[in-house]
There are 2 protein chains.
Amino acid sequence: MKIATFNVNSIRSRVEILNAWLAEHRPQILCVQETKAQNSDFPLEAFSHLGYHILFQGQKKYNGVAIFSDMPIRNAEIELPQDPDKQARFVKMSYNNIIIVNTYIPQGQSIKSDKFQYKLKWFSWLKDYFDKTCSPDQPIVWVGDLNVALEDKDVYDPKKMWGDVCFCQDIQDAVRNVMNWGFVDLFRQFHPQPDQYTFWDYRVPNGFHRNMGWRLDYIMATPKMAQQCIDCRIDKAPRGLEKPSDHTPVVAEFKAF
Amino acid sequence: MKIATFNVNSIRSRVEILNAWLAEHRPQILCVQETKAQNSDFPLEAFSHLGYHILFQGQKKYNGVAIFSDMPIRNAEIELPQDPDKQARFVKMSYNNIIIVNTYIPQGQSIKSDKFQYKLKWFSWLKDYFDKTCSPDQPIVWVGDLNVALEDKDVYDPKKMWGDVCFCQDIQDAVRNVMNWGFVDLFRQFHPQPDQYTFWDYRVPNGFHRNMGWRLDYIMATPKMAQQCIDCRIDKAPRGLEKPSDHTPVVAEFKAF
DNA sequence: GTACGGCCAG
DNA sequence: CTGGCCGTAC
């Protein structure tokens, strides 16, 4: 089975790309971030012909997450209970016995802003969520745009970027703290090389072609799940199409199912 | 020879439609209104392959006029000297011995607004311009979006619309006053029927298909010029394309040249 | 650079 | 409804 994650940067602007990608890859699960659409504006129609069940939670202008599932959605949750702001950054469901958690972590704006504090707290709330609702020996997949580069090789210029809201000690510690609960980074299990990115800032001129990117999108899995994983890869193909997102999909393939 | 007028409602949004239309019809002169682009943003490149000479005068957000000419622009004027606001609503040039005047008349907003007073004045300034700069026995073509329906048959619901800034006594008098200087309405010379419109308000649901329109775009000519006119027609074809303007072109065909 | 949403105007 | 533009966020 295939589980994928893709920050689409507006689902309404990415209908074409998303449809093409789903039709080609037919993952059992696709988790999407930054849909940027209120639930009433979610373009359900545009995807209906593909037969996916879709769980989505949006808000006015920012954030927004969704899960495309080839099986009916079970045990849906559409917010992180610990988040007092109830921002649209969390959706969870069950797929067979697997728990799927899709998150869009706050970017954090600047190190000394309230938004960065919110980002740090969000990771602690998420860890608390896992503590209270499940156990590391269940099959759990936690995916999404974490807005963190975990290691030097996850940014194109680590020296220059060190201290960024997505690449600093505090934020790496925050992710590691959640991972220590029981998650492994599936991509790094298979691909230890540097320069493997999932995000290229639109504002960096020609950033994609010069490969000036960041690895911010992850598929994390508990050991039980990770053992079943055959491969995890970054798919750069959608960047070749018209009006690409600034992120690109990550796909994990599993033996079972 | 063909002389045409077309309110494009943003020239940058209408590059495709305009290019297709010019390539098909190849008028000697096309006068365009509501370009909605500052001169520095005028998409000159987009039209370069057609070989037209282009005279344009724009401003930040509103108005803006242009003339596409198959011969070099002579005697260019880019403002109505009488207008103290110097809004981008007037361009004039010579084509052989013909004077071409392209105007985008103010809409007027509401009858008791300053903008309506400005609209009335604009017509009087224009008449003054003709008085001072030329004579009715010259070949003159005055075209544009006049934002006036001249007769009952020029609106889809004259009873309901009477009193509108584009359909009331004062404004009809204002146009007639300029016409009395020496212009005839070329379209009406050939087509006396009702329900011949050049504008359909986007806000009227399905207005175009229900033909709930207005005739606001005119090609006016002095007698010398009018005698040469073989036909004057409204071309609804551009309304069939993607992203149509709310106006559609009017074309006059002349014997000479 | 790209997207949304809110404003103004027609 | 459609357009431009502005502010905001990433």
Side-chain angles (χ1 to χ4, degrees), chain A residues 7-15 17 33-38 40-41 58-64 87-89 104-110 113-116 118-119 145-148 164-166 199-209 212-214 216-217 239 242-247, chain B residues 7-15 17 33-38 41-43 58-64 87-89 104-110 113 115-116 118-119 145 147 164-166 199-209 212-214 216-217 239 242-247:
Chain A
N7 178 322
V8 291
N9 186 10
S10 166
I11 198 156
R12 286 173 291 179
S13 300
R14 230 60 71 197
V15 158
I17 283 179
Q33 303 86 36
E34 281 202 88
T35 56
K36 291 184 175 173
Q38 287 173 281
S40 54
D41 293 335
Q59 65 182 71
K60 190 135 231 199
K61 204 175 151 117
Y62 306 116
N63 316 322
Q87 293 187 9
R89 299 180 173 279
Y104 173 55
I105 307 286
Q107 192 258 4
Q109 192 144 288
S110 88
S113 70
D114 291 350
K115 290 183 182 176
F116 186 68
Y118 179 67
K119 181 178 189 175
D145 177 357
L146 305 198
N147 264 315
V148 178
D164 187 278
V165 285
C166 297
F199 165 79
W200 299 265
D201 195 321
Y202 287 132
R203 290 164 292 183
V204 177
N206 247 321
F208 179 70
H209 288 290
M212 295 165 75
W214 302 63
L216 303 180
D217 302 275
R239 291 295 313 230
E242 293 289 300
K243 287 207 306 162
S245 171
D246 45 359
H247 293 251
Chain B
N7 178 321
V8 291
N9 186 12
S10 166
I11 199 158
R12 285 172 290 178
S13 299
R14 231 59 71 196
V15 158
I17 283 179
Q33 303 85 36
E34 280 202 88
T35 55
K36 290 183 174 175
Q38 286 172 280
D41 293 336
F42 193 96
Q59 65 183 72
K60 186 130 227 204
K61 203 174 151 119
Y62 307 116
N63 315 321
Q87 293 187 11
R89 298 180 173 280
Y104 172 55
I105 309 286
Q107 193 258 2
Q109 192 141 286
S110 90
S113 70
K115 290 184 182 176
F116 186 68
Y118 179 66
K119 182 179 191 175
D145 177 356
N147 264 316
D164 187 278
V165 286
C166 298
F199 166 78
W200 299 264
D201 195 321
Y202 287 132
R203 289 164 293 184
V204 176
N206 246 320
F208 179 70
H209 288 289
M212 296 164 76
W214 302 62
L216 303 180
D217 303 275
R239 291 296 311 231
E242 294 288 303
K243 286 208 305 161
S245 171
D246 45 0
H247 293 251

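Convention: sequence-line order gives letters A, B, ...; per-chain numbering from 1. As the structure is a prediction and not an experimental result, all values here were calculated from the model.
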To the side chain of K36(B), which of dG10(C), dA3(C), dG4(D) is closest? dG4(D)
Given atom CG of D246(A) and atom P of dA9(D), what is their separation to the nearest angstrom? 17 Å
Does some side-chain heavy atom of K115(B) sit less than 4.5 Å from a side-chain heavy atom of V165(B)? no
Given that K61(A) and N147(B) both sit by DNA chain C, which one's nearest nucleotide is further toward the 5' end? K61(A)
Does a side-chain N or O of K243(B) approach OP1 or OP2 of dC1(D) to a distance below 4.0 Å, or not? no
Whole-Å distance, Q38(A) CD to dA3(C) C1', equals 15 Å
Among dG4(D), dG10(C), dC4(C), which is the nearest nucleotide to the side chain of S10(B)? dG4(D)
Among dG10(C), dG4(D), dC4(C), which is the nearest nucleotide to the side chain of R12(B)? dG4(D)
Short side-chain N/O contact to dA3(C) OP1/OP2 from R14(A), under 4.0 Å: yes
Euclidean distance, atom CD1 of residue I17(A) to atom C1' of dA3(C) [Å, nearest integer]: 14 Å
Parallel under 30°, tilted from 30 to 60°, perpendicular over 60°: which one fits the rings of H247(B) and F199(B)? tilted
With respect to the side chain of Y104(B), which nucleotide from dG10(C), dT8(D), dT2(C) is positioned closest? dG10(C)
Y62(B) OH - dC8(C) P separation (whole Å): 9 Å
Please check if atom CG in N206(B) has more than 12 non-hydrogen atoms from other residues, nucleotides or ligands closer than 6.0 Å. yes
For the side chain of K115(A), starting at C-beta, report the closest nucleotide among dA3(C), dG4(D), dC10(D). dC10(D)
Would you tell me whether N7(A) and E34(A) have side-chain atoms, one donor and one acceptor, within less than 3.5 Å of each other? yes
From C-beta outward on R203(B), which listed nucleotide comes closest to its side chain: dG10(C), dT2(C), dC10(D)? dG10(C)
Measure from CG on N63(A) to C1' on dC10(D) and round the result to the nearest Å. 11 Å
Are the side chains of I105(A) and R89(A) in touch, meaning some heavy atoms are under 4.5 Å apart? no
OP1 or OP2 of dA9(D) versus the side-chain N and O atoms of Q107(A): is any pair under 4.0 Å? no
Which whole-number value in Å describes the distance from Q59(A) CD to dA3(C) C1'? 14 Å
Figure out the NZ/C1' separation between K60(A) and dC4(C), and round it to whole Å. 10 Å
Roughly, in whole Å, what's the span from CG in D41(A) to P in dG5(C)? 7 Å
